[in-house]
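Okay, structure first, notes after.
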Amino acid sequence: MDILVCVKRVPATGGKITLTPDGQEIDTRYASFTISPHEECAVEEALRLTEAHGGTVTVLTLGPAVAADQLRDALAMGAQRAMLLQTDGAEWDPGETARAIVAAIEAQRQAGHAFDLILFGNEAADTGDYQVGIRVAHALNRPVVTGIKGLQIDGNSVTARREAAGGWEIFALTLPAVIAVKEGINLPRYPTVPGRLRAKKAPIEIVPLGAPANHLRKLCLKLPPSTGQKGEVLGSGPEAVDRLVEILGSKGVITA
Amino acid sequence: MILGVVDHDRGTLNPLSLQMLTFGRRLAAQLNVPLHALLIGAGSQPVAAGLAGYGISTLHLATHDRLDEYAPAAWARCVAEAMNRTAPQIVLAAGSERGHEVMAHVAAQTDLPLAANCTEVRPGEPFAVTRQRWGGSLLEDAALHGDVSRGRALSCPLLTVAPHAVPAEEAPDAAEPQVDLFAPTLSESDLQVRVVSRVEPERGKISLADARVVVGGGRGIGSAEGFQVLQEVADLLGGAIGCSRAVTSLGWRPHADQVGQTGTRIAPEVYIACGISGAIQHMVGCKSARCIVAINKDPDAPIMARADYAIIGDVRQALPALRDALARARTHP
């Protein structure tokens with residue numbers, strides 16, 4: 001089973017977001033970067049599926065040259081092939097991102113690499129557009145389901161489940177298909193040291209892209225207004241605990 | 001007119017749809033146009049009855065034998081057909097999981113831009129929105145465009161409304177909406193991906209998403225065993241256990257307990273965050289809590305700026321003390 005996993009390079013946010021003075025970007029001078037969380041689990045899922053069923057895992061990203069770092073992280077986890085659709089760092093909207101990915105998949109198919117399964121994350125942690133996987137599936141005329149936290153494949157039959165109202169909804173699809181997964185579907189493995197060494201030397205296929213024709217264009221970024229009010233420090237000793245119990249009692253949450 | 005796509009599951013309305021309709025009604029008033037709503041599939045009739053007070057002028061009901069069970073592409077086809085029938089200038093849906101999924105299919109089917117989780121809309125030249133990034137920790141002003149290269153104006157922007165951007169509110173002078181039933185044309189391809197079975201929620205179990213009290217633990221708890229005292233505190237408060245992403249990554253708790261942008265979003269009366277630093281993605285998960293209590297030995301932890309109350313101390317001392325004090329309070333109220 002040959003699987004393509006599409007990932008995105010995002011900043012690893014900590015306790016605070018700071019913007020550049022022009023309000024156009026997050027200030028990432030001191031930030032590290034990572035594969036967006038849902039997608040890291042997609043890479044892991046692809047590895048588990050090919051370990052069980054055979055086949056290869058190809059990982060793809062659309063981004064600037066440094067996004068190769070995230071591809072190497074996925075290679076270090078065990079992915080076999082990597083492709084970088086290289087931009088100049090400008091943002092590509094979901095429609096344009098999907099178009100470029102579809103073009104790359106079509107080029108791969110013509111070169112003899114057809115993908116039985118294409119995995120996406122449910123939404124990127126930063127832009128949160130919720131649509132690239134569905135747009136790609138539609139263009140490729142493949143069935144697609146999103147939000148998946150459990151996947152079973154038997155031959156060409158896929159059973160996919162996701163959370164709904166405290167229980168689960170179960171979908172059935174046939175390959176070739178597109179699936180968007182959510183973190184929690186698995187716990188991703190740490191790359192091994194030999195994995196990292198192999199990844200350092202692995203070739204990455206680079207496809208340079210032109211400028212996007214975005215229909216959804218960022219004008220600027222801004223921080224949400226802060227709530228303003230300062231909290232109350234109850235203290236640090238046993239009297240602080242007693243004070244907290246009083247507060248909880250007044251909110252009616254201490255069960256009888 | 002403005003068309004609002006209502007999210008309901010076989011007759012159970014998602015309350016976020018009421019917020020979306022409130023948002024849509026205000027936008028419609030601003031543009032001096034009517035608000036229409038679309039309901040799809042089995043269970044639509046009883047839901048329609050509950051929407052009478054929301055200022056909808058026409059309710060479109062898409063009915064079809066094969067709309068008995070949710071199928072995202074088929075739902076989207078109903079939206080696209082409703083758009084063809086009624087020529088809306090804007091289509092809205094709630095920023096719920098189904099709202100995002102259906103609207104993404106609509107975007108693909110109609111080749112229109114979709115802006116997710118909008119908090120504000122400014123129709124004009126260009127059509128602009130404010131929308132959420134990073135789960136709401138950052139806002140983006142964005143413009144939606146038609147095919148600029150072909151000189152084509154934007155025919156109809158697609159938007160999902162961020163949860164809790166506005167509270168749901170009925171219109172004071174709302175009239176009974178007209179009803180328009182239509183039978184969409186659905187292909188086998190539209191119906192291919194559908195819910196084939198369900199697992200119902202466990203009875204009696206407090207779900208993290210619905211719990212009135214959540215007691216969360218972070219790296220400061222120190223170990224998986226350290227969560228035992230958290231469970232005792234949660235039990236005394238009739239609450240559920242939550243955890244940070246660090247704890248899930250360490251394997252101390254299952255992902256189902258994770259509170260955060262890629263975990264569960266909670267909205268309890270009280271959230272007690274123990275040994276949790278308060279990373280941005282974690283705060284996305286708990287920002288709807290009425291009251292946040294932080295217990296942490298670091299007075300400068302990011303969570304301190306977001307907590308209503310704080311105890312500065314090591315959770316390994318504070319939690320057993322809290323458990324004992326709660327146990328005393330129960331027996332001596």
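Each chain gets a letter, A, B and so on, in the order its sequence line appears, and its residues count up from 1.
Interface check for chain A: of the options B:H105, B:M103, B:E140, B:H255, the most heavy-atom pairs under 4.5 Å are formed by B:H255.
Heavy atoms closer than 4.5 Å to chain B are found nowhere in A:A98, neither backbone nor side chain. Heavy-atom distances place the backbone of A:E163, and not its side chain, under 4.5 Å from chain B. Only the backbone of A:K16 comes within less than 4.5 Å of a heavy atom of chain B; no side-chain atom from C-beta onward does. Contact of A:P143 with chain B is made through backbone and side chain together, with heavy-atom distances under 4.5 Å. The contact between A:R162 and chain B is made entirely by side chain atoms (from C-beta outward), counting heavy-atom distances below 4.5 Å. At a 4.5 Å heavy-atom cutoff, the contact between A:E40 and chain B is made by side-chain atoms alone. Heavy atoms closer than 4.5 Å to chain B are found nowhere in A:A213, neither backbone nor side chain. Within the 4.5 angstrom heavy-atom criterion, no atom of A:R142 approaches chain B. Looking at A:L244, only its side chain comes within 4.5 Å of chain B, counting heavy atoms on both sides.
Counting non-hydrogen atoms of other residues, nucleotides and ligands closer than 6.0 Å to CD of B:E202 gives a total of 12 or fewer. Heavy atoms from other residues, nucleotides or ligands lying under 6.0 Å from CZ of B:R122 number more than 12.
Once rounded to the nearest 0.5 Å, the distance linking NZ of B:K297 with OG of A:S236 reads 14.0 Å. Note that the CD atom of A:E123 and the CG atom of B:N117 stand 9.0 Å from one another [nearest 0.5 Å]. In this structure, A:D242 CG and B:R328 CZ are separated by 6.0 Å, a value rounded to the nearest 0.5 Å. Atom OG of residue B:S197 and atom CZ of residue A:F171 lie 10.0 Å apart, to the nearest 0.5 angstrom. One distance of note links OG1 of B:T262 with CD of A:E39; it measures 11.5 Å at 0.5 Å rounding. With rounding to the nearest 0.5 Å, the separation of OG1 in A:T13 from CD in B:Q261 is 7.0 Å.
In terms of heavy-atom proximity, B:A108 sits nearest to A:R135 at CB-CA, 4.2 Å. The shortest heavy-atom contact between A:G15 and B:P302 is CA-CG, 3.9 Å. When all heavy atoms of B:R212 and A:G252 are compared, the closest pair comes out as NH1-O, 3.4 Å. Nearest heavy atoms, B:S137 versus A:P224: O-CD, 3.2 Å. A pairwise comparison of heavy atoms in A:L216 and B:A142 identifies CD1-CB, 4.1 Å as the closest pair.
Looking at heavy atoms from C-beta onward, B:L138 lies in side-chain contact with A:L19 at the 4.5 angstrom threshold. No side-chain heavy atom of A:I170 sits under 4.5 Å from any side-chain heavy atom of B:V195. Between A:P11 and B:W134, some side-chain heavy-atom pair lies under the 4.5 Å cut-off. Counting heavy atoms from C-beta on, the side chains of B:L144 and A:H215 never come closer than 4.5 Å. Side-chain contact between B:L326 and A:I254 is present, with at least one heavy-atom pair separated by less than 4.5 Å. For the pair A:E232 and B:D308, the minimum side-chain heavy-atom distance is 4.5 Å or more. Between B:I311 and A:V233, every side-chain heavy-atom pair lies at or beyond the 4.5 Å cut-off.
Using a cutoff of 4.0 Å between basic side-chain nitrogens and carboxylate oxygens, A:D129 and B:R131 are scored as salt-bridged. Under a 4.0 Å N-O distance rule, the pair B:R198/A:E169 qualifies as a salt bridge.
Scanning residues 175-185 of chain A against chain B with a 4.5 Å non-hydrogen threshold yields A:K182, A:E183, A:G184, sorted by number. Residues from residues 24-33 of chain A that place a non-hydrogen atom less than 4.5 Å from a non-hydrogen atom of chain B comprise A:I26, given in numerical order.
Of the possible polar contacts, none joining the B:E97 side chain to the A:G147 backbone as a donor-acceptor pair under 3.5 Å is found. When atom types are taken as modelled, the side chain of A:Q131 and the backbone of B:L114 share a donor-acceptor pair closer than 3.5 angstrom.
Residue B:Q192 forms a side chain to side chain contact (heavy atoms under 4.5 Å, CB included) with just one option from A:V144, A:L173, A:T174, and that option is A:T174.
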Practice task
Please assess A:T127 against B:R133 for the test side chain to side chain contact (heavy atoms under 4.5 Å, CB included), listing each intermediate value before the final yes or no.
Solution key: CA-CA 5 Å; A:T127 48; B:R133 289 197 174 196; 3.7 Å; yes
